[in-house]
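What follows is a short report on a single structure.
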Amino acid sequence: MTADPLFLGLIALVSLLLSYIGATVGLVLGQLRVALLAYALGNAAVGAATSLAISTAGTLIGTLRHAVDGRVQPLLLLTIGGPSAAAAFFTARYAHLIDARLLKLAIAIVLILTGASMLIRRKAPAAADPPRVAPMLAEVVVGAVLGAISGLIGLLLGSLRLPAMIRYARVPTPIAIGTNMAIGTLTGLSAGVATFLEGQVDLIAFAVIAPTTVLGAHLGARKTGQLAPETLLKIIAWVLVATGLLMLGENLIKRLLAP
């Protein structure tokens with residue numbers, strides 16, 4: 001199942017860049033890597049599972065950096081991260097049975113609209129707003145739903161969770177970034193266990209790509225503390241739009257790479 005070593009090396013370089021950019025705003029940006037691995041390994045389910053395992057390795061290192069710098073909120077990790085991890089474990093075991101193209105299309109559109117609205121409105125930094133804890137039930141539901149979808153399509157979906165934490169829970173931007181990555185780690189670890197049990201992860205591809213992803217996530221997470229909240233919000237908005245466009249173009253990428 002393992003792909004050509006040179007192609008895996010190229011994917012590793014792409015993953016380094018994406019994880020660096022993503023970690024500055026609490027994301028991993030695995031959308032392009034999923035498409036490339038699905039083509040390289042010749043199996044969409046294996047590509048998604050392998051990419052999810054790689055993303056989790058990146059978020060784990062990024063989370064440690066954010067935690068050391070005090071940007072992880074334990075309560076949100078419990079109310080959102082716990083349900084997310086549990087749901088991802090169960091759905092990841094059956095992901096290979098489901099066609100998730102329509103689901104990805106809907107997510108891509110939501111990402112683009114969310115990012116565009118953040119850019120157009122030019123809101124004041126969310127960190128300046130008085131903190132307000134969202135209802136716990138809503139946090140549990142959001143975590144469970146996004147976790148279930150993550151297990152199905154091989155993405156951690158932090159790009160959907162992050163703006164909700166900033167806009168609706170009024171979590172300060174740097175805290176939302178660190179906590180979002182920590183929740184992604186829990187979700188990815190849970191789904192990763194399920195995919196390993198199902199034999200869906202290509203270990204050689206993981207060994208080649210994970211180290212560069214981890215390096216990028218570590219360097220990007222260090223950059224978070226050096227950026228002003230308003231700058232982080234703008235970066236998040238642009239990343240959301242770019243991520244949505246990548247998801248929309250995933251099938252086109254696959255067709256262009258097809259022999």
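Please read these numbers as outputs of a predicted model, since none were measured by experiment.
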Taking side-chain contact (heavy atoms from CB on, under 4.5 Å) as the test, write out the residues that go with [X], two or more places apart.
X: Ala148; answer: Ala87, Thr91
X: Ala176; answer: Leu162, Met165, Ile166, Val171
X: Ser190; answer: Ala85, Phe89
X: Ile21; answer: Leu17, Leu29, Val239

Cluster check [X], [Y]: I/L/V/M/F/W/Y, side chain < 4.5 angstrom:
X: Phe206; Y: Leu10; result: yes
X: Ile177; Y: Leu60; result: no
X: Leu18; Y: Phe7; result: yes
X: Tyr20; Y: Leu36; result: yes
X: Leu78; Y: Ile80; result: no

| field | From CA spacing to verdict: side chain to side chain contact (heavy atoms under 4.5 Å, CB included), Ile54, Arg33 | value | CA-CA 9 Å; Ile54 292 168; Arg33 185 176 59 244; 3.8 Å; yes
Throw together a table of side-chain donor-acceptor distances under 3.5 angstrom for residues 207-222, partners on residues two or more places apart or in other chains.
| unit_1 | atom_1 | unit_2 | atom_2 | d |
| --- | --- | --- | --- | --- |
| Thr212 | OG1 | Ala12 | O | 2.8 |
| Thr212 | OG1 | Ile209 | O | 3.0 |
| Thr213 | OG1 | Ser15 | OG | 2.4 |
| Thr213 | OG1 | Ile209 | O | 3.0 |

| said: Restricting to side-chain hydrogen bond (donor to acceptor under 3.5 Å, both in side chains), what partner residues turn up for Thr185, sequence neighbours left out? | reply: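 Thr185 satisfies side-chain hydrogen bond (donor to acceptor under 3.5 Å, both in side chains) with Thr59, Thr63 once adjacent residues are dropped.
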| said: Please check this pair: side chain of Ser84 against backbone of Thr187, looking for a donor-acceptor N/O pair closer than 3.5 Å. | reply: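 Looks like no, no N/O pair under 3.5 Å.
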| message | Looking at Thr50 and Asp202, would you say the former's side chain and the latter's main chain have a donor-acceptor pair under 3.5 Å? | response |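 It does hold such a pair.
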| Listed once per pair and sorted, the salt bridge (charged side-chain N to carboxylate O under 4.0 Å, His left out) pairs that draw on residues 47-66, sequence neighbours left out |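 Pairs touching residues 47-66 that pass the test: Arg65-Asp69.
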Residue pair [X] / [Y]: nearest heavy atoms and the distance that separates them:
X: Val72; Y: Gly178; answer: CG2-O, 3.7 Å
X: Ile183; Y: Leu76; answer: CD1-O, 3.9 Å
X: Gly188; Y: Thr56; answer: CA-OG1, 3.0 Å

| query | Between atom CG of Asn180 and atom CZ of Arg161, what is the distance when rounded to the nearest 0.5 Å? | reply |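 Asn180 CG to Arg161 CZ: 4.5 Å, rounded to 0.5 Å.
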| Reported CG-to-CG distance for the pair Leu41 and Leu8, which is rounded to 0.5 angstrom |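 CG of Leu8 is found 7.0 Å from CG of Leu41.
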| said: Run the side chain to side chain contact (heavy atoms under 4.5 Å, CB included) test on Leu186 and Leu77 for me, step by step, so that the C-alpha distance in whole Å, both residues' side-chain angles and the decisive distance to 0.1 Å come before the verdict. | reply: CA-CA 9 Å; Leu186 286 179; Leu77 196 58; 3.7 Å; yes
| field | Heavy-atom side-chain proximity of Arg71 to Thr179 below 4.5 angstrom | value |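 They are not in side-chain contact.
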